[in-house]
A.B. asks: 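Here you go, one structure.
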Amino acid sequence: MQIVSTIKEVREIVKEWKKQDLSVGYVPTMGYLHEGHASLIKAARKGNEKVVVSIFVNPMQFGPTEDLASYPRDLEKDARLCEAEGVDLIFHPEPEEMYDESFCSFTDINGLSNALCGLSRPIHFRGVCTVLNKFFNIIQPDRAYFGQKDAQQAAIVKQFVKDLNIPVEIIRCPIIREEDGLAKSSRNTYLSQEERQAALCLSKAIFLGQDMVKNGETDAKKVTEAMIGRIKEEPMADIEYVKAVNGLTMQDVSVIKAPTLVAMAVRIGSTRLIDNFVVE
């Protein structure tokens with residue numbers, strides 16, 4: 001496994017792979033890798049001959065009051081996980097490598113980014129799309145792998161890749177959960193022991209909503225209101241949103257049917273957590 005920090009190095013390595021007609025799978029991350037990231041790497045390893053993981057805490061997708069400076073970082077630990085999972089190349093650039101002083105170009109998307117997380121994080125998805133557009137151009141992967149936990153992000157990336165005719169297949173992989181149900185997230189490390197226990201209200205609400213839909217409930221308002229009620233049983237929880245939307249357009253729906261995304265964002269203390277389930 002190689003670890004490189006410059007665009008030039010990545011391009012030279014991938015160019016050699018392409019000469020050999022080797023397929024390339026790509027997993028974009030911000031580091032502090034966990035079992036959720038490992039599941040994406042496993043999928044990339046299974047579907048491709050070479051696997052690239054980027055580790056880059058992208059400053060462009062953080063708002064001025066968000067956790068850019070405190071976002072957890074541990075390259076040595078990340079490298080051990082990547083090597084164990086058979087990653088061929090880690091691309092770990094500095095911000096200056098991705099955005100030089102003259103940088104002034106952006107990849108934006110309308111509609112899909114104006115709902116759910118986009119309402120409270122207005123610059124977030126422009127930053128995500130811009131950096132991913134750069135990574136797709138640098139790495140030129142055949143396939144890129146995203147977790148279902150970030151369902152809105154995956155939908156947005158799938159749309160901008162289609163709109164801009166970028167030749168990469170976007171593959172979504174299931175949410176990976178802790179044994180007690182909490183969705184795996186690098187931000188879980190922010191939680192105190194008491195907050196960690198309180199955070200279970202998210203997955204409890206998700207499982208409640210899933211059970212209601214499995215039992216035949218199709219009224220989106222009834223499902224989301226029941227989920228909100230379950231979250232409100234936890235005093236430490238501060239709900240940002242719990243919504244049922246079309247999984248392709250991110251627009252609110254009143255009837256739950258495929259492809260509905262039921263998603264939430266909840267703050268536990270100062271930590272913002274997200275979770276969701278999809279009706280296929």
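When a residue number appears, it is its place in the shown sequence, counting from 1.
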A.B. asks: Can Glu233 and Lys204 be counted as an ion pair, charged N to O under 4.0 angstrom?
C.D. replies: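 No, this pair does not count.
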
A.B. asks: Side-chain heavy atoms under 4.5 angstrom apart, residues restricted to Ile, Leu, Val, Met, Phe, Trp, Tyr: same cluster for Val161 and Val128?
C.D. replies: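 Result: yes, single cluster for both.
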
A.B. asks: What's the shortest heavy-atom distance between Asp150 and Ile274, and which atoms?
C.D. replies: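 In this case the closest contact between Asp150 and Ile274 is OD1-CD1, 3.3 Å.
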
A.B. asks: Ignoring hydrogens, what is the shortest heavy-atom contact between Arg272 and Cys117? Give both atom names and the distance.
C.D. replies: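 Heavy atoms of Arg272 and Cys117 come nearest at NH2-SG, 3.2 Å.
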
A.B. asks: Going through the checks in order, is the side chain to side chain contact (heavy atoms under 4.5 Å, CB included) test met by Val24 and Asp142?
C.D. replies: CA-CA 5 Å; Val24 178; Asp142 297 282; 4.0 Å; yes

A.B. asks: Considering non-hydrogen atoms only, spot the tightest contact between Phe62 and Asp67 and give its length.
C.D. replies: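 Minimum heavy-atom separation between Phe62 and Asp67: CE2-OD1, 3.2 Å.
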
A.B. asks: Under 6.0 Å from the CD atom of Gln197, do we count more than 12 heavy atoms belonging to anything else shown?
C.D. replies: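 No, because the 6.0 Å sphere around CD of Gln197 holds 12 heavy atoms or fewer from other groups.
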
A.B. asks: If you define the side chain from C-beta out and look only at heavy atoms, does anything of Ser186 sit under 4.5 Å from Met30?
C.D. replies: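 No, too far: nothing below the 4.5 Å cut-off.
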
A.B. asks: So, using salt bridge (Lys or Arg N to Asp or Glu O under 4.0 Å) as the criterion, who are the partners of Lys8 when residues are at least two apart?
C.D. replies: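 So Lys8 forms a salt bridge (Lys or Arg N to Asp or Glu O under 4.0 Å) with Glu12.
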
A.B. asks: Using a 4.5 Å cut-off on heavy atoms from C-beta on, say whether the side chain of Val168 contacts that of Ile139.
C.D. replies: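 Answer no - side chains too far apart.
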
A.B. asks: Between Cys173 and Lys42, does the side chain to side chain contact (heavy atoms under 4.5 Å, CB included) criterion hold? Intermediate values first, please.
C.D. replies: CA-CA 10 Å; Cys173 300; Lys42 283 182 171 73; over 6 Å; no

A.B. asks: Where do Asp275 and Arg177 land on the salt bridge (charged side-chain N to carboxylate O under 4.0 Å, His left out) test, with the steps shown first?
C.D. replies: CA-CA 10 Å; Asp275 205 341; Arg177 297 184 179 277; 2.8 Å; yes

A.B. asks: Which heavy atom of Glu178 sits nearest to which heavy atom of Asn188, and what is that distance?
C.D. replies: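 Result for this residue pair: OE2-ND2, 4.4 Å.
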
A.B. asks: Among all residues two or more places apart in sequence or in another chain, which pass the ring pair (Phe, Tyr, Trp, His ring centres under 6.0 Å) test with His34?
C.D. replies: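 With neighbours one apart ignored, the set is His37.
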
A.B. asks: Do the non-hydrogen side-chain atoms of Phe91 and Ile13 ever get within less than 4.5 Å of each other?
C.D. replies: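 A side-chain contact under 4.5 Å is absent here.
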
A.B. asks: Would you call the rings of Tyr26 and Phe136 parallel, tilted or perpendicular if under 30° counts as parallel and over 60° as perpendicular?
C.D. replies: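 Rings of Tyr26 and Phe136: perpendicular, over 60°.
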
A.B. asks: State the NE2-CD1 distance between His92 and Ile3, to the nearest 0.5 angstrom.
C.D. replies: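 With rounding to 0.5 Å, NE2 (His92) is 8.5 Å from CD1 (Ile3).
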
A.B. asks: Taking Asp219's backbone N and O only, do any of them form a donor-acceptor pair with Glu217's side chain (distance below 3.5 Å, no angle check)?
C.D. replies: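 Yes; at least one donor-acceptor contact below 3.5 Å.
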
A.B. asks: Any idea which heavy atoms bring Asp78 and Gly31 closest together, and the distance?
C.D. replies: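 Shortest heavy-atom contact: OD2-CA, 3.4 Å.
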
A.B. asks: Any side-chain heavy atom of Leu191 within less than 4.5 Å of one from Ile268?
C.D. replies: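 With C-beta onward as the side chain, the pair touches.
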
A.B. asks: Could you grab the distance from atom OH of Tyr145 to atom CD1 of Ile41, nearest 0.5 Å is fine?
C.D. replies: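 Between Tyr145 OH and Ile41 CD1, I get 12.0 Å after rounding to 0.5 Å.
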
A.B. asks: Are Glu195 and Tyr190 packed together at the side-chain level, in the sense that at least one heavy-atom pair is separated by less than 4.5 angstrom?
C.D. replies: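 No, side chains not in contact.
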
A.B. asks: Could you give me the CA-CA distance, side-chain angles and deciding distance for Asp252 and Lys243, then say whether side chain to side chain contact (heavy atoms under 4.5 Å, CB included) is met?
C.D. replies: CA-CA 7 Å; Asp252 292 355; Lys243 286 189 175 182; 3.9 Å; yes

A.B. asks: Quick check on the hydrophobic clustering: are Met250 and Ile156 connected, directly or via other members, by side-chain heavy-atom contacts under 4.5 Å?
C.D. replies: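 They do share one cluster, since a chain of ILVMFWY contacts under 4.5 Å joins Met250 to Ile156.
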
A.B. asks: Please report the interatomic distance CD(Gln140) to CZ(Phe135), rounded to the nearest 0.5 Å.
C.D. replies: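 It comes to 14.5 Å.
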
A.B. asks: Could you name each residue pair satisfying salt bridge (Lys or Arg N to Asp or Glu O under 4.0 Å) that touches residues 48-62, not counting sequence neighbours?
C.D. replies: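 Qualifying pairs, neighbours excluded: Lys50-Asp88.
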
A.B. asks: Is it the case that over 12 heavy atoms from other parts of the model lie below 6.0 angstrom from the NZ atom of Lys222?
C.D. replies: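 Counting other residues, nucleotides and ligands, NZ of Lys222 stays at 12 neighbours or fewer.
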
A.B. asks: Can you check whether Met60 reaches Phe106 side chain to side chain, under 4.5 Å on heavy atoms?
C.D. replies: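 Result yes, sub-4.5 Å side-chain heavy-atom pair found.
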
A.B. asks: Parallel under 30°, tilted from 30 to 60°, perpendicular over 60°: which one fits the rings of Phe56 and Tyr99?
C.D. replies: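 Ring orientation of Phe56 relative to Tyr99: tilted.
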
A.B. asks: Do Tyr241 and Leu119 make a side-chain contact, defined as non-hydrogen atoms from C-beta onward lying under 4.5 Å apart?
C.D. replies: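 Heavy-atom side-chain distance check fails, nothing below 4.5 Å.
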
A.B. asks: Should Val51 and Val87 count as side-chain neighbours, where that means a heavy-atom distance under 4.5 Å?
C.D. replies: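 Sidechains of Val87 and Val51: in contact.
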
A.B. asks: Hydrophobic clustering (ILVMFWY, side-chain heavy atoms < 4.5 Å, transitive) - are Met98 and Val52 grouped together?
C.D. replies: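 Yes, same cluster.
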
A.B. asks: Assigning hydrophobic clusters by single linkage (Ile, Leu, Val, Met, Phe, Trp, Tyr; side-chain heavy-atom cutoff under 4.5 Å), is Ile7 placed with Leu89?
C.D. replies: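 Yes.
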
A.B. asks: More than 12 heavy atoms of other residues, nucleotides or ligands under 6.0 Å from NZ of Lys77: yes or no?
C.D. replies: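 Result for NZ/Lys77: enclosed.
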
A.B. asks: State whether the side chain of Arg73 and the backbone N or O of Tyr71 hold a donor-acceptor pair below 3.5 Å, judged by distance alone.
C.D. replies: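 Confirmed, Arg73 side chain pairs with Tyr71 backbone.
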
A.B. asks: I'd like to know whether CD of Glu97 has more than 12 heavy-atom contacts from other residues, nucleotides or ligands below 6.0 angstrom.
C.D. replies: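 Check passes, neighbour count above 12.
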
A.B. asks: For the atom pair CD1 (Ile138) and CG (Asn133), what is the distance rounded to the nearest 0.5 Å?
C.D. replies: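 Rounded to the nearest 0.5 Å, the CD1-CG separation comes out at 10.0 Å.
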
A.B. asks: Calculate, to the nearest 0.5 Å, the distance between atoms CZ and OG1 belonging to Phe125 and Thr107 respectively.
C.D. replies: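 It is 14.5 Å, given to the nearest 0.5 Å.
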
A.B. asks: Out of curiosity, Asp180 CG to Leu182 CG, how far, rounded to the nearest 0.5 Å?
C.D. replies: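 Between Asp180 CG and Leu182 CG, I get 6.0 Å after rounding to 0.5 Å.
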
A.B. asks: Do Leu202 and Met236 sit in the same hydrophobic cluster, where Ile, Leu, Val, Met, Phe, Trp and Tyr count as joined when their side-chain heavy atoms come under 4.5 Å apart?
C.D. replies: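 In one cluster with Leu202: Met236, no.
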
A.B. asks: Give a yes or no answer on whether the side chain of Ser5 reaches the backbone of Pro93 with a donor-acceptor pair at less than 3.5 Å.
C.D. replies: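 No, Ser5 side chain to Pro93 backbone: no donor-acceptor pair under 3.5 Å.
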
A.B. asks: Say whether, by atom type as modelled, one donor and one acceptor occur between the side chain of Thr130 and the main chain of Gly127 under 3.5 angstrom.
C.D. replies: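 It does not hold such a pair.
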
A.B. asks: Got more than 12 heavy atoms from elsewhere within 6.0 Å of CD, Gln20?
C.D. replies: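 Enclosed.
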
A.B. asks: A quick test of your reading: do over 12 heavy atoms of other residues, nucleotides or ligands sit less than 6.0 Å from CG of Asp163?
C.D. replies: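 Atom CG in Asp163 is crowded, with more than 12 foreign heavy atoms closer than 6.0 Å.
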
A.B. asks: Please report the shortest heavy-atom distance between Ala237 and Cys201, naming the atom on each side.
C.D. replies: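 For Ala237 versus Cys201, the nearest heavy atoms are CB-SG, 3.9 Å.
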
A.B. asks: Assess whether side chain to side chain contact (heavy atoms under 4.5 Å, CB included) is satisfied between Gln148 and Leu261, documenting all intermediate values.
C.D. replies: CA-CA 10 Å; Gln148 179 60 36; Leu261 167 68; 4.1 Å; yes

